[in-house]
Structure formats: structure tokens, C-alpha cells
Amino acid sequence: MLHQALSRLYEAAGHLDITADVFEKLKSPRETTQARLVIRMDDGASKSYPAWRCRYDDTLGPTKGGIRFHPDVSIDEVETLAFLMTMKCALINLPFGGAKGGVQMDIHNLSATEQERLARRYVQCFAKVIGPNRDIPAPDLYTNSTIMAWMADEYAAIVGEVTPAVITGKPISLGGSLGREDATARGGYYLLLHQAQKLGLRSGARVAIQGFGNAGKHIAQLLGAAGFKIVAVTDSKGGIHCSSGFDVDKLIAAKRQGSVTSLAGSDGVCTLPADELVSVNCELLVLAALEDMVHAGNAARVKAHIILELANAPITPEADKILNAKNIVVLPDILANAGGVTVSYFEWVQNRQGDSWPIEQVHARLKTRMEQEGDAVWTLAQEKGITLRGAAYVHALSRLAGAIGAQDMQHFLIAEAPKR
Ligand code: NAD
């Protein structure tokens with residue numbers, strides 16, 4: 001995975017004047033820590049789970065990235081996602097480097113008390129890696145604000161002082177930011193609406209959504225309220241289709257009971273095999289589940305004209321080429337889902353200021369940043385005749401390369417400074 005992801009960096013470099021030092025710094029992670037988390041289960045037995053935290057690059061600031069709990073988590077996945085976070089933070093112009101963490105486990109097999117023990121054990125094992133000025137975790141797949149609250153509490157117990165800025169995505173009552181819950185989807189939504197005219201996307205357009213967790217649910221709410229028609233949805237249990245468009249509240253209620261698939265059979269809703277979601281007739285396909293979901297084997301079947309990548313790395317490089325040949329426009333992950341880390345940054349700033357911003361301020365700042373960086377990426381793509389993903393990488397890499405070069409220059413100046 002990391003090799004695949006780095007290929008996009010090397011492609012971007014072809015459009016910039018980059019020194020070898022930049023690649024030397026970005027070709028592999030700065031630091032990956034591995035641990036085995038041993039916890040006591042409710043029945044008295046003990047169980048252990050492999051876990052990782054990767055700080056990929058900290059040129060631009062303390063590293064930032066979510067923690068996921070998922071059976072497929074591996075060191076390769078964690079390092080790849082940490083690399084993507086490095087590019088994302090650079091692209092959206094945050095004073096952060098990139099990181100990621102994960103535990104290889106199925107959260108559905110753990111009770112709430114076991115989940116709490118696991119979350120606290122993670123922090124005990126990685127307490128020296130994380131820190132408000134070093135590495136700041138956040139929620140990701142199958143982790144949420146409750147888990148962040150346990151982690152922040154454990155960190156405070158270890159260091160002996162309340163340190164809310166060590167973790168973002170916390171409950172509001174514990175220093176979380178207003179607007180963090182739907183930030184990933186909202187950032188993608190602002191980007192999409194801002195570029196709708198250029199994309200040829202009209203209100204009323206049909207939308208298919210893969211994944212109905214934090215990102216998928218909120219984009220359904222936002223697009224539904226803006227007049228888009230959600231015609232197909234999948235989650236880990238399967239999918240459903242409704243050509244007249246779903247009532248988003250009903251989708252949310254069904255998911256709360258376990259899966260959106262429980263709506264099948266009601267009001268013109270039929271079952272949709274999960275792997276057929278990408279080939280549903282629609283104008284917009286939102287990918288909000290896992291990596292590599294659109295690949296060489298199914299990319300040719302995509303019917304949408306536009307793809308919004310709220311998930312990280314949901315399209316393989318081979319699939320990218322197929323989609324590009326079909327003139328399908330992809331709003332790439334490092335831009336489209338950057339709303340989450342942007343509001344996480346706002347949360348970190350508020351914690352450090354001892355302040356709390358009103359929701360309007362959070363939304364306005366998020367909108368400005370998504371639109372500004374979205375415009376920069378769009379313009380670069382037009383100027384260089386490349387895809388939006390290519391342009392996003394060029395934009396991010398030029399910021400990173402500038403910072404890496406400035407560090408080198410400082411070292412050079414110190415070394416060469418005349419003796420007084
Ligand atoms: P989540 O755990 O809240 O939801 C994941 C959803 O995906 C669930 O509905 C699950 O049922 C579904 N899913 C799992 N396997 C699936 C499959 N094979 N087909 C269809 N659906 C499947 O996670 P999330 O926070 O919404 O994250 C989703 C994606 O967005 C991930 O790639 C994550 O890295 C990315 N992302 C999330 C955030 C954030 O702030 N939450 C920020 C940036 C990127």
C-alpha cells in the first residue's frame with residue numbers, strides 16, 4: 001500500500017523542481033512504534049491485540065492522525081495512512097505533520113467495558129509517542145468521541161495534568177469542538193457545492209454512498225437537505241437501492257438498529273449486493289468506507305460522473321487510470337476528506353487557547369479553507385493538464401518541499417555562520 005501511495009508522490013514530483021533531500025525525507029516514515037495490547041476480558045480471561053502508531057513526517061508541525069480499530073489493520077496500512085495524512089495536512093495548510101494509529105481487532109466482539117480497557121491500554125503503550133506538541137490522535141474507523149474521552153483521561157492520569165490538546169474528536173463537554181462530528185462530510189460537501197458548476201453537478205442529482213458511518217451518514221444528511229436524491233447506500237452488512245430516493249432519517253434510524261439493509265422491502269427499497277454499488281446509475285458516487293474499494297476489477301463499471309472520496313485511499317492507482325480514461329472526475333481523498341483534520345486542528349487551537357468557538361465560526365473557517373485549497377488544486381489541474389488527484393499531490397508536495405528546503409537552509413546558515 002505504501003509503495004502504491006508513494007507512486008503518486010513521485011508522479012507529482014515530475015511537475016516540480018524537487019531536490020533528492022525531499023524524497024530522502026518522505027520515502028519512509030520517521031517513526032513507527034508497535035505494541036501488543038493485553039487486556040482483561042469481562043469473563044476474566046486475557047486477550048492481546050497488535051497495535052501501531054506511525055508518525056510519518058513532522059516537518060510542518062506535530063503529527064496528526066486518527067486511530068482505527070479494525071481486523072484488517074496492519075503496519076503497512078497504518079504507515080500508508082500516515083503518509084496520506086502528511087500530504088493532507090500540507091495540502092490544507094495546517095501546521096501539522098501526518099500520523100496514524102490502529103489496533104487489529106473487531107470491535108463488535110468487545111463489550112463497552114472491554115473497549116474502554118483497550119483504549120486506555122493503547123494510551124499506556126503509546127504515551128511517550130503522543131503528546132499535544134508531538135503527536136495528536138483523533139477518531140477514525142470504528143473509534144468515536146467516547147473512545148477519545150477515555151484516551152484523553154488515561155493520558156491525563158499518566159502525565160499528571162489535564163491535557164485536552166493531546167487528542168481531538170473529544171465530546172464537547174470535555175473540550176471537543178462544535179462541528180467536529182460532521183466535519184469530514186461537511187468539508188467534502190462545501191468543496192462539492194463550491195465546484196458544482198465546474199463539475200456540472202445540479203441539485204436533484206442522484207447519489208450513491210458506500211459506507212454509512214460517520215462520514216457516510218453526515219454526507220447523506222447534508223446532500224439530502226440540499227435537494228440531492230440518495231438512491232443507493234451500503235454498509236458492512238450489504239446494500240439497498242431506492243430509485244425515488246431515500247428518506248435520510250429512516251436510513252439513520254435503520255443504521256442505529258444495526259444496518260441500513262433492514263429497510264429492504266419497504267417503500268420501493270430493494271436489496272443491492274454491496275459490490276454493485278459502484279455500478280449504480282447516478283451522477284455522484286461517494287466513497288465513505290474502506291481502502292481499495294474501486295479497483296481494476298470494477299472501475300470500468302462505474303456510472304457516476306463524479307466521485308467524492310471521503311474514505312482514505314478508496315481507489316487504487318490502476319482504477320484511477322480507468323476512471324480518468326472514462327472522464328470521471330475524482331475529488332481526491334487528501335482534499336475531499338480534509339474537513340475532519342481541519343476541524344480537529346480548530347479543536348486543538350481552542351484547547352490551547354482555553355476557548356470555545358461558536359458553530360458558525362467553525363463552519364465559516366472550514367468553508368473558507370476547503371474552497372481556497374479546492375480552488376488552488378482546480379487551477380493547478382487546469383494549468384498542468386493533470387487530474388485533481390495529481391494536482392492535489394503537486395500542491396501538497398510543493399508546500400512540504402518548501403518547508404524541507406527551508407530547514408536545510410537554516411542548517412546551512414548555522415553551519416556557515418561567521419564566528420563572532
Ligand atoms: P465509521 O467507522 O464511522 O464508518 C464506517 C462505515 O463503513 C460503517 O457504516 C461500516 O458499516 C461501513 N463499511 C465497512 N465495510 C464496508 C464495506 N465493505 N462496504 C460498505 N461499507 C462498509 O468510519 P468513518 O469515520 O465514517 O470513516 C470512513 C472512512 O472515512 C475511512 O476510510 C476513514 O479513514 C475516512 N475518514 C474519516 C474521517 C473522520 O473524521 N471520521 C476523516 C477522514 C477520513
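Order of appearance sets the numbers: ligands from 1, and atoms from 1 within every ligand. Not measured: the values here are computed from a predicted model.
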With heavy atoms under 4.0 Å as the rule, classify the contact between Lys237 and ligand 1 as side chain, backbone, both or neither. neither
Go through ligand 1 atom by atom and flag the ones less than 4.0 Å from a non-hydrogen atom of Ala215. 26 (O)
Between side-chain atoms of residues 217-224 and protein atoms elsewhere (two or more places apart, or another chain), which donor-acceptor pairs fall under 3.5 Å?
residue: His218; atom: ND1; partner: Asn214; partner atom: O; Å: 2.9

For the aromatic rings, using the six-membered ring if either is Trp, is the centroid distance between Phe69 and Tyr49 under 6.0 Å? no
Among all protein non-hydrogen atoms, which one is nearest to atom 7 (O) of ligand 1, and what is the separation to 0.1 Å? Gly211 CA, 3.8 Å
Compare Gly213, Gly340, Ala289 and give the one whose heavy atom is closest to atom 8 (C) of ligand 1. Gly213
Please list the nearest protein heavy atom to atom 17 (C) of ligand 1 with its residue and the distance rounded to 0.1 Å. Met293 CE, 3.7 Å
State whether a side-chain donor-acceptor pair under 3.5 Å links Thr261 with Asp235. no
Part of Arg68 with heavy atoms under 4.0 Å of ligand 1, whether side chain, backbone, both or neither: side chain
Is it the case that the ring center of Phe96 lies less than 6.0 angstrom away from the ring center of Trp348? yes
Of the backbone atoms (N, CA, C, O) and the side-chain heavy atoms from C-beta on, which set of Leu141 has a member under 4.0 Å from an atom of ligand 1: side chain, backbone, both, or neither? both
Proximity of Ser259 to ligand 1 by residue part, where a heavy atom lies under 4.0 Å: neither
May I ask you to identify the nearest protein heavy atom to atom 28 (C) of ligand 1, giving residue, atom name and distance to one decimal place in Å? Ala288 O, 3.4 Å
Evaluate the ring planes of Phe346 and Trp357, with Trp represented by its six-membered ring, and classify them as parallel (under 30°), tilted (30 to 60°) or perpendicular (over 60°). tilted
Heavy atom of the protein closest to atom 40 (O) of ligand 1 (residue, atom name, distance): Thr184 OG1, 2.7 Å
Minimum heavy-atom distance Val129-Arg134, with the two atoms named: O-NH1, 2.8 Å
Nearest non-hydrogen protein atom, atom 10 (C) of ligand 1: Tyr142 OH, 3.3 Å
Candidates Gly188, Ser236, Gly216; heavy atom nearest atom 13 (N) of ligand 1 found on Ser236
So which of Arg352, Arg180, Lys170 actually passes side-chain hydrogen bond (donor to acceptor under 3.5 Å, both in side chains) with Glu347? Lys170
Under 4.0 Å, counting heavy atoms only: does Ala274 come that close to any atom of ligand 1? no
Could you check which of Asn337, Val233, Thr143, Leu290 puts a non-hydrogen atom nearest to atom 15 (N) of ligand 1? Leu290
Would you say Lys255 touches ligand 1, if touching means a heavy atom closer than 4.0 Å? yes
So, regarding Gln210 and ligand 1 (criterion: nitrogen or oxygen to nitrogen or oxygen, under 3.5 Å), is there a contact or not? no
Are there over 12 heavy-atom neighbours, none belonging to Arg30, within less than 6.0 Å of that residue's CZ? no
Closest heavy-atom pair, Ser177 versus Gln350, reported as atoms and distance to 0.1 Å, is OG-NE2, 3.0 Å
Heavy atom under 4.0 Å from ligand 1: found in Arg180's side chain, backbone, both, or neither? side chain
Residue-level breakdown please: for Asp333 versus ligand 1, do any non-hydrogen atoms fall below 4.0 Å on the side chain, on the backbone, on both, or on neither? neither
Please check if the side chain of Lys326 supplies one atom and the backbone of Val302 the other of a donor-acceptor pair under 3.5 Å. yes
Quick one: do Thr184 and Asn337 satisfy side chain to side chain donor-acceptor pair (under 3.5 Å)? Show the steps, please. CA-CA 5 Å; Thr184 302; Asn337 71 26; over 6 Å; no
Pair Tyr142, His108 - check ring-ring contact (aromatic ring centres under 6.0 Å, His included), show working. CA-CA 9 Å; Tyr142 296 107; His108 302 106; 5.5 Å; yes
Against heavy atoms of Leu310, which atoms of ligand 1 measure under 4.0 Å? 30 (O), 35 (C), 36 (N), 44 (C)
Atoms of ligand 1 under 4.0 Å from any heavy atom of Asp140, numbered from 1 in the order shown, are 33 (C), 34 (O)
Of Asn214, Asn144, Asp72, Leu84, the residue with the heavy atom nearest atom 25 (O) of ligand 1 is Asn214
Could you report the tightest heavy-atom contact between Leu366 and Gly339, atom names first, then the distance? CD1-CA, 3.7 Å
Which of the numbered atoms in ligand 1 are below 4.0 angstrom from a heavy atom of Phe212? 6 (C), 9 (O)
